[in-house]
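Worksheet for the structure shown next.
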Amino acid sequence: ITVMACTQLLKTELLNNAVGYFIDQDPCPMLLVQPTESMAETWSKTRLAPMIRDTACLKDKIKEARSRDSGNTILEKVFPGGSISMVGANSPTGLASRPIRVCLYDEVDKYPASAGSEGDPIALGDERSATFHNRLSVRVCSPTVKGTSRIERSWLDSDQRQYFVPCPLCVEEQILQWSQVRWDKDAQGKHLPATAAYECEHCQGKWSEAERLASIQRGRWVATQPFNGHAGFQVNKLASPWQTLPDLVQKWLKSYKNPELKRVFINTQLAEVVEEEDEKVADNEHMSR
């Protein structure tokens, strides 16, 4: 499974729920990979520990780390029928030891090109699940640069599912795209983000925020390529119930004139890769040299 999504919408919560499911319903050895070991520790303390503490069906299956016979540490949790190890992508030893059935990879575009001198961290991790017929590999991240983004390469290898929502006016389904967001300007040409609305690509009707939120609730994932055993999902902030269109327009207006800020907006809000412009020499200039 590959999830190429905007920030603060879907990615880490998917991993959290997957971990909870396998601990409770289908115990097995799991591996969760963060870009660094310190990030793995942070995920364990701020995401995994509270989930175990507050979920009745998990609390009884994983003993507290300070218990003498718990067999648990911050980076290793043991439960009946399985375990979860949390490692950094820069640690070849953490990625290449015992067999693992479920491999979960967070923020994959922040991984180093190689885990030490051992090679690609995802390839190393997935190799540990080779003997399981029911293995699972999940990669999640916001994309970065076209051609070098790990998550983009993985998503392009999938069935490329997009989130289609129905228009509240004409009921035609569509992918929410930034190019369809419209807002007004005043008489002096000043942008008015508060007027932002989504325009249907079919009927050109303008959606209110309430209509956009209702449409998101009725959305569905549609594969745009044949399924080959690899499910891929892409979604942007326009499909987020926690981000209003006026707020998104404010972010865009603050970023579009600055190449670095614009790049962050495209990657983190639109869940799209950016293309870096190469330095090129014109043919006639090249010849004159």
Side-chain angles (χ1 to χ4, degrees), residues 1-23 28-52 55 58 73-77 82-97 100-116 118-129 135-145 148-158 161 230-237 240 242 264 267-269 271-273:
I1 298 172
T2 295
V3 178
M4 185 167 70
C6 59
T7 55
Q8 301 301 311
L9 178 61
L10 167 68
K11 305 185 300 298
T12 303
E13 203 58 45
L14 167 68
L15 299 183
N16 297 345
N17 279 271
V19 169
Y21 168 81
F22 283 107
I23 291 174
C28 64
M30 289 184 280
L31 175 72
L32 185 129
V33 184
Q34 293 283 353
T36 64
E37 186 173 297
S38 64
M39 291 179 70
E41 287 188 9
T42 299
W43 182 85
S44 178
K45 294 175 181 177
T46 63
R47 298 302 185 97
L48 181 60
M51 181 175 69
I52 293 170
T55 310
L58 303 181
T73 64
I74 293 175
L75 295 177
E76 182 84 21
K77 306 292 183 186
S83 65
I84 177 169
S85 303
M86 293 148 277
V87 303
N90 55 350
S91 170
T93 53
L95 291 166
S97 54
I100 294 291
R101 181 181 141 205
V102 175
C103 298
L104 307 169
Y105 304 95
D106 197 9
E107 300 292 355
V108 300
D109 274 20
K110 294 182 175 66
Y111 289 3
S114 175
E118 301 291 327
D120 181 73
I122 294 179
L124 283 175
D126 281 352
E127 190 59 33
R128 293 172 61 174
S129 65
R135 58 188 175 272
L136 177 65
S137 175
V138 183
R139 306 93 182 264
V140 305
C141 194
S142 299
T144 49
V145 179
T148 63
S149 171
R150 265 198 183 91
I151 199 69
E152 184 207 25
R153 288 200 305 270
S154 186
W155 187 76
L156 290 174
D157 187 50
S158 73
R161 303 180 195 197
H230 185 169
F233 304 84
Q234 182 183 27
V235 66
N236 60 40
K237 274 283 173 72
S240 172
W242 302 289
V264 171
N267 288 162
T268 64
Q269 307 301 301
E272 297 175 1
V273 292

Distance check, rounded to the nearest 0.5 Å: [X] atom [atom1] versus [Y] atom [atom2]?
X      : Y      : atom1 : atom2 : answer
Thr2   : Arg161 : OG1   : CZ    : 11.0 Å
Ser44  : Ile52  : OG    : CD1   : 7.5 Å
Asn267 : Met4   : CG    : CE    : 10.0 Å
Gln234 : Leu156 : CD    : CG    : 9.0 Å
Asp106 : Met39  : CG    : CE    : 7.0 Å

Taking only residues two or more places apart in sequence, or in another chain, which ones meet Ser38 in a side chain to side chain donor-acceptor pair (under 3.5 Å)? Thr36
Considering residues at least two apart in sequence or located in another chain, which fulfil the side chain to side chain donor-acceptor pair (under 3.5 Å) criterion with Asp126? Tyr105, Ser137, Arg139
Closest heavy-atom contact between [X] and [Y]?
X      : Y      : answer
Ala271 : Pro143 : C-CG, 3.4 Å
Gly125 : Cys103 : O-SG, 3.5 Å
Glu76  : Met86  : N-CE, 3.8 Å
Gly119 : Ser114 : N-OG, 2.9 Å
Ile84  : Leu48  : CG2-CD2, 4.5 Å
Pro92  : Ala115 : CB-O, 3.5 Å

Side chain to side chain contact (heavy atoms under 4.5 Å, CB included) against [X], all qualifying residues, sequence neighbours excluded:
X      : result
Ser158 : Trp155, Gln160, His230
Val87  : Leu31, Val33, Leu95
Thr268 : Thr7, Val264
Arg153 : Arg150

Expected output: side-chain Ser142 to main-chain Ala5 donor-acceptor under 3.5 Å: yes
Can a donor-acceptor pair be found, under 3.5 Å and without considering hydrogens, that links the side chain of Ser149 to the backbone of Glu152? yes
Just to verify, what does [X] make a salt bridge (Lys or Arg N to Asp or Glu O under 4.0 Å) with, not counting sequence neighbours?
X      : value
Arg101 : Asp26
Lys45  : none
Asp109 : none
Glu272 : none

How about Glu41: does its CD atom have over 12 heavy atoms from other parts shown lying under 6.0 Å from it? yes
Kindly list each side-chain donor-acceptor pair under 3.5 angstrom involving residues 10-23, sequence neighbours excluded, with atom names and distances?
| from | atom 1 | to | atom 2 | distance (Å) |
| --- | --- | --- | --- | --- |
| Lys11 | NZ | Cys6 | O | 2.8 |
| Asn16 | OD1 | Trp43 | NE1 | 3.1 |
| Asn17 | ND2 | Glu13 | O | 2.8 |

ring-ring contact (aromatic ring centres under 6.0 Å, His included) with Phe233: which residues, sequence neighbours excluded? Trp221
